[in-house]
Amino acid sequence: MGPAVVKRNVLGVLVDATDYAAAADAVIAAAVERRPFALTALAVHGVMTGVQDRAHNARLNSFDMVTPDGQPVRWALNLLHGAGLTDRVYGPTLTLKVLERAAAEGLPVYLYGSTEPTLARLVPALERMFPALKLAGVEASKFRSAQPGEAADIADRIRSSGARVVLVGLGCPRQEVFAYAMRPLLDMPLLAVGAAFDYHAGLLRNPPPWMQRYALEWLWRLGLEPRRLWKRYVLLNPAYLTRLAAQKLRLWKAAPPAPATTPLETFPV
């Protein structure tokens with residue numbers, strides 16, 4: 001039995017003190033009950049996107065569930081709120097747990113995002129892992145902003161496919177904006193799962209377990225993609241730790257903005 005799911009303030013972003021079992025249960029329940037549900041797994045970079053952009057922070061705070069994807073986010077929940085979490089809820093791992101449940105319960109899944117070559121590798125990899133999995137549809141990112149009326153067209157494609165769960169792999173923060181925009185149009189869970197598509201397609205290697213345990217995954221990824229990721233880690237990690245200390249010492253209130261409700265005129269697709 002996992003801990004009760006409770007939203008807690010981490011630098012103004014409301015993060016759920018949850019575990020894999022509770023998160024997967026919440027996703028599958030929304031799929032079975034045919035109701036809107038938005039989930040994202042946030043590491044330090046994801047939290048800091050909210051800190052740096054209050055409108056985006058309000059969007060994140062409207063999500064049904066925000067899981068502690070990175071160990072430093074889990075540590076923050078434990079340090080600030082005594083959450084007692086023993087593990088993070090990592091997007092790529094949560095993806096596999098949800099897919100396992102979806103396959104077992106006959107819930108078709110729609111993959112949205114990434115590139116055609118990545119999806120061409122991802123689909124057979126998932127079918128090997130989960131032979132009973134039903135993939136209702138696969139749609140690559142257009143790498144642009146939505147045009148007028150396009151949100152309704154995307155929603156129609158997803159609904160008509162028979163999907164009951166949507167996995168969104170657009171990268172942070174594009175995938176969170178997409179999930180926020182599409183949530184009112186779909187009666188099923190949308191999961192913003194970060195690099196899960198690349199990992200499960202075999203394009204990214206996971207760091208050794210000891211690096212994951214001691215929150216050194218950023219160092220591993222920095223070594224793999226230094227030119228793309230150096231600003232994210234070299235600048236954002238110290239900023240995160242500084243703000244976390246300020247919140248813990250009550251030098252900064254880190255007041256969470258109210259959950260956003262305003263529809264977006266345009267968003268990444």
Grouping I, L, V, M, F, W and Y whenever their side-chain heavy atoms are under 4.5 Å apart, do L244 and L235 come out in a common cluster? no

Could you check L42, N78, V10, T18 and say which one makes a side-chain contact (heavy atoms from CB on, under 4.5 Å) with P68? T18

Any luck finding a side-chain donor-acceptor pair between R183 and S62 under 3.5 Å? no

Determine, step by step, whether L126 and V109 satisfy the side-chain contact (heavy atoms from CB on, under 4.5 Å) criterion, reporting the C-alpha distance in whole Å, the side-chain angles of both residues, the deciding distance to 0.1 Å, and the verdict. CA-CA 11 Å; L126 295 181; V109 175; over 6 Å; no

Looking at R144, I'd like to know if its CZ atom is crowded, meaning that more than 12 non-hydrogen atoms belonging to other residues, nucleotides or ligands lie closer than 6.0 Å. yes

Look up atom OH in Y110 and atom CG in L167, then write down how far apart they are to the nearest 0.5 Å. 12.0 Å

Enumerate the side chain to side chain donor-acceptor pair (under 3.5 Å) contacts for residues 240-257, please, sequence neighbours excluded, ordered by first and then second residue. none

Between atom CG of L99 and atom CG of L94, what is the distance when rounded to the nearest 0.5 Å? 9.5 Å

Looking at T40 and V66, would you say the former's side chain and the latter's main chain have a donor-acceptor pair under 3.5 Å? no

Is there a path of hydrophobic side-chain contacts, each under 4.5 Å between heavy atoms, that joins L203 and Y199? no

Can a donor-acceptor pair be found, under 3.5 Å and without considering hydrogens, that links the side chain of R8 to the backbone of L77? no

Assert yes or no for the condition that the ring centre distance of F267 to Y180 is strictly below 6.0 Å. no

Can you list everything that forms a salt bridge (Lys or Arg N to Asp or Glu O under 4.0 Å) with E116? Sequence neighbours excluded, please. none

D64 side-chain N/O to V27 backbone N/O, donor-acceptor pair under 3.5 Å: no

Roughly how far apart are L107 CG and K134 NZ, rounded to 0.5 Å? 8.5 Å

Okay, side chain of R164, backbone of D187: is any donor-acceptor separation there less than 3.5 Å? yes

Please walk me through it: do N57 and V13 pass side-chain contact (heavy atoms from CB on, under 4.5 Å)? CA-CA 6 Å; N57 193 340; V13 176; 3.7 Å; yes

Ion pair D16/K7, N-O distance below 4.0 Å: yes

Can you get from V123 to F130 by hopping between Ile, Leu, Val, Met, Phe, Trp and Tyr side chains that sit under 4.5 Å apart? yes

Check for me, please, whether L14 and L39 land in the same ILVMFWY cluster - side-chain distances under 4.5 Å, paths through other members count. no

Heavy-atom closest pair, residues V165 and A31: CG2-CB, 3.8 Å

Quick one: pull up SG in C172 and NE2 in H56 and give me the separation to the nearest 0.5 Å. 5.5 Å

Hey, any chance M182 and F143 share a hydrophobic cluster, counting ILVMFWY side chains that come within less than 4.5 Å of each other, even indirectly? no

Does some side-chain heavy atom of Q175 sit less than 4.5 Å from a side-chain heavy atom of V193? no

To the nearest 0.5 Å, what is the distance between NE2 on H45 and CG on D69? 12.0 Å

For A43 and V73, which heavy atoms make the closest approach, and how far apart are they? C-CG2, 3.7 Å

So, using salt bridge (Lys or Arg N to Asp or Glu O under 4.0 Å) as the criterion, who are the partners of D156 when residues are at least two apart? R159

Show your working on side-chain contact (heavy atoms from CB on, under 4.5 Å) between N237 and V44 and close with a plain yes or no. CA-CA 7 Å; N237 283 8; V44 166; 3.7 Å; yes

Can you name the nearest heavy-atom pair linking P257 to A58, along with the distance? CG-N, 3.8 Å

If you look at every heavy atom in S145 and T266, which pair is closest and at what distance? CB-OG1, 3.4 Å

Judged by atom type as modelled, is there a donor-acceptor pair below 3.5 Å linking the side chain of Y112 to the main-chain atoms of G137? no

Mark yes or no for whether Y20, through its side chain, and Y90, through its backbone, hold a donor-acceptor pair below 3.5 Å. yes

Between the CG atom in L122 and the CG atom in D198, the distance rounded to the nearest 0.5 Å is 9.0 Å

Take M48 and L11 through the test side-chain contact (heavy atoms from CB on, under 4.5 Å) and record every step on the way to the result. CA-CA 8 Å; M48 291 301 292; L11 280 59; 4.0 Å; yes

Determine yes or no for a side-chain-to-main-chain donor-acceptor pair under 3.5 angstrom, with T67 supplying the side chain and V89 the backbone. yes

Taking every non-hydrogen atom, the tightest pair across V269 and R174: C-NH2, 4.3 Å

Heavy-atom pair with the smallest gap, counting every atom of E176 and A192: OE2-CB, 4.0 Å

